[in-house]
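A short worksheet on the structure shown next.
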Amino acid sequence: MRAVLAAMLLVAPVAVAAQSRTAQLLQAARQHISANQLDSADAELRAALDAAFYPVDSATVYVWRGVLEHVRGSDSLARASFRQAFALKAGFSTEGLARAFPDVATMLDAEARAARVYVASNLDDKPAWRSGPGVAYPRDVRRRRVAGLAVVTAVVDTLGRVEPGSVQVLETPDSGLVEPLKQMMLATTFTPGRVRGRPVRSQTSLGFNLTPPPLGNPTQLVT
């Protein structure tokens, strides 16, 4: 216990010092961006990222890296930096951004909407099944006449496509149907979820009554 406490006491001052150093470098970088001294700002942002101790500090550095890239004339690099900030899944400070760089603030807001995954309770219109194939039953599973309920969740993007890697099979009557269910979802298109009329990335959860062919359609959408 004493060893753990001693370690915590040693880490705390290091964290505070690193956070203070990052804040100082960020402040200097912001001043140099405003003065169009972009090389100096670049060096300070690199040093700030190296000194960052917490994800929130790193995320804030990436936001101002995006500002720098925008001032340099590359909105594609600016958006890439914003996406790195959101990937850290940490809140970050944008103090003074909207006032000094309103166009960058608008860009950041658009990236924030693109990065967020909305759940059903936050949607005005939920994603709806548009078209897709049935489950391709593996031979062994078909021979055993496996049937039952499957429950699948996935993230649907703003174009109505299922994002690879987002598909999770929560329930299935047989483990041999997990991969066919995932492949079915990836080949399916949806009407995207919407918030205030805008398409957004959204979570969807679907239930299927599975029956082996040739007794009928192997996937009957039930929820």
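Note that these values count all heavy atoms, side chains included, but never hydrogens, waters or copies made by symmetry.
By the criterion of side-chain heavy atoms lying less than 4.5 angstrom apart, applied directly or through intervening Ile, Leu, Val, Met, Phe, Trp or Tyr residues, L186 is grouped together with L206 in one hydrophobic cluster. Cluster membership check: L25 does not share its hydrophobic cluster with L38, using side-chain heavy-atom separations under 4.5 Å among Ile, Leu, Val, Met, Phe, Trp and Tyr. Transitive grouping of hydrophobic side chains (ILVMFWY, heavy atoms separated by less than 4.5 Å) brings L210 and W129 into a common cluster.
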Starting from the C-alpha separation in whole Å, work towards a yes-or-no answer on side-chain contact (heavy atoms from CB on, under 4.5 Å) for L170 and V152. CA-CA 6 Å; L170 304 183; V152 184; over 6 Å; no
Salt bridge (Lys or Arg N to Asp or Glu O under 4.0 Å) between R46 and D50, worked out: CA-CA 6 Å; R46 291 177 186 276; D50 289 339; over 6 Å; no
Starting from the C-alpha separation in whole Å, work towards a yes-or-no answer on side-chain contact (heavy atoms from CB on, under 4.5 Å) for D109 and T106. CA-CA 5 Å; D109 181 63; T106 299; 5.7 Å; no
What do the steps show when you test R116 against V200 for side-chain contact (heavy atoms from CB on, under 4.5 Å), and what is the final call? CA-CA 8 Å; R116 179 179 177 181; V200 295; over 6 Å; no
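The number of heavy atoms from other shown groups lying within 6.0 Å of CG (D103) is above 12.
At a threshold of 4.5 Å between non-hydrogen side-chain atoms, the residues L88 and Y62 count as touching. Residues S58 and L49 form a side-chain contact, since some pair of their non-hydrogen atoms from C-beta on lies under 4.5 Å apart. Between R65 and D42, the closest side-chain pair of non-hydrogen atoms falls below 4.5 Å. Put simply, the side chain of L159 does not reach to within 4.5 Å of the side chain of P192, judged on heavy atoms. Side-chain contact between K126 and S202 is absent, with no heavy atoms from C-beta onward closer than 4.5 Å. Between R194 and L123, every side-chain heavy-atom pair lies at or beyond the 4.5 Å cut-off. Proximity of F53 to T22: side-chain heavy atoms (C-beta onward) are nowhere separated by under 4.5 Å. Looking at V195 and N122, their side chains never come closer than 4.5 Å, going by heavy atoms from C-beta outward.
Between atom CZ of residue R30 and atom CG of residue L97 there is a gap of 8.0 Å, rounded to the nearest 0.5 Å. Taking CZ of F101 as the reference point, atom OG of S34 lies at 4.5 Å (rounded to 0.5 Å). To the nearest 0.5 Å, atoms OG1 (T188) and CZ (F190) are separated by 5.5 Å. The distance from atom CZ of R130 to atom OG1 of T189, rounded to the nearest 0.5 Å, is 5.5 Å. Here CG of L45 is found 9.5 Å from CH2 of W64. Values are rounded to the nearest 0.5 Å. The structure places CD1 of I33 at 9.5 Å from CD of E69, a figure rounded to the nearest 0.5 Å.
L181 approaches A150 most closely through the heavy-atom pair CD1-CB, 3.8 Å. Taking all atoms of both residues into account, the shortest heavy-atom contact from A59 to A85 is O-CB, 3.5 Å. Across every non-hydrogen atom of P173 and A147, the tightest pair is CB-O, 3.4 Å. Closest approach of Q203 to V117, counting heavy atoms only: N-CG1, 3.9 Å. Across all their heavy atoms, P133 and M184 have their closest contact at O-CG, 3.2 Å. Between V63 and F82, the shortest heavy-atom contact is O-CE2, 3.3 Å.
Checking side-chain atoms of H32 against main-chain N and O of A28 turns up a donor-acceptor pair under 3.5 Å. When atom types are taken as modelled, the side chain of E44 and the backbone of A29 share a donor-acceptor pair closer than 3.5 angstrom. Remark: side-chain polar atoms of N209 are not paired, donor with acceptor, to backbone N or O of L149 under 3.5 angstrom. For S74 (side chain) and L77 (main-chain N/O), a donor-acceptor pair under 3.5 Å exists by modelled atom type. A donor-acceptor distance shorter than 3.5 angstrom exists from the side chain of S166 to the backbone of V155, with no hydrogens or angles considered.
Counting only N and O atoms by type, the side chains of T153 and S205 include no donor and acceptor under 3.5 Å apart.
For R139 and Y137, the positive end is not near the middle of the six-membered ring at less than 6.0 Å and at most 45° from its axis.
Identified under the salt bridge (Lys or Arg N to Asp or Glu O under 4.0 Å) test for residues 158-187, with sequence neighbours left out: R144-D174, D157-R161, E163-R201.
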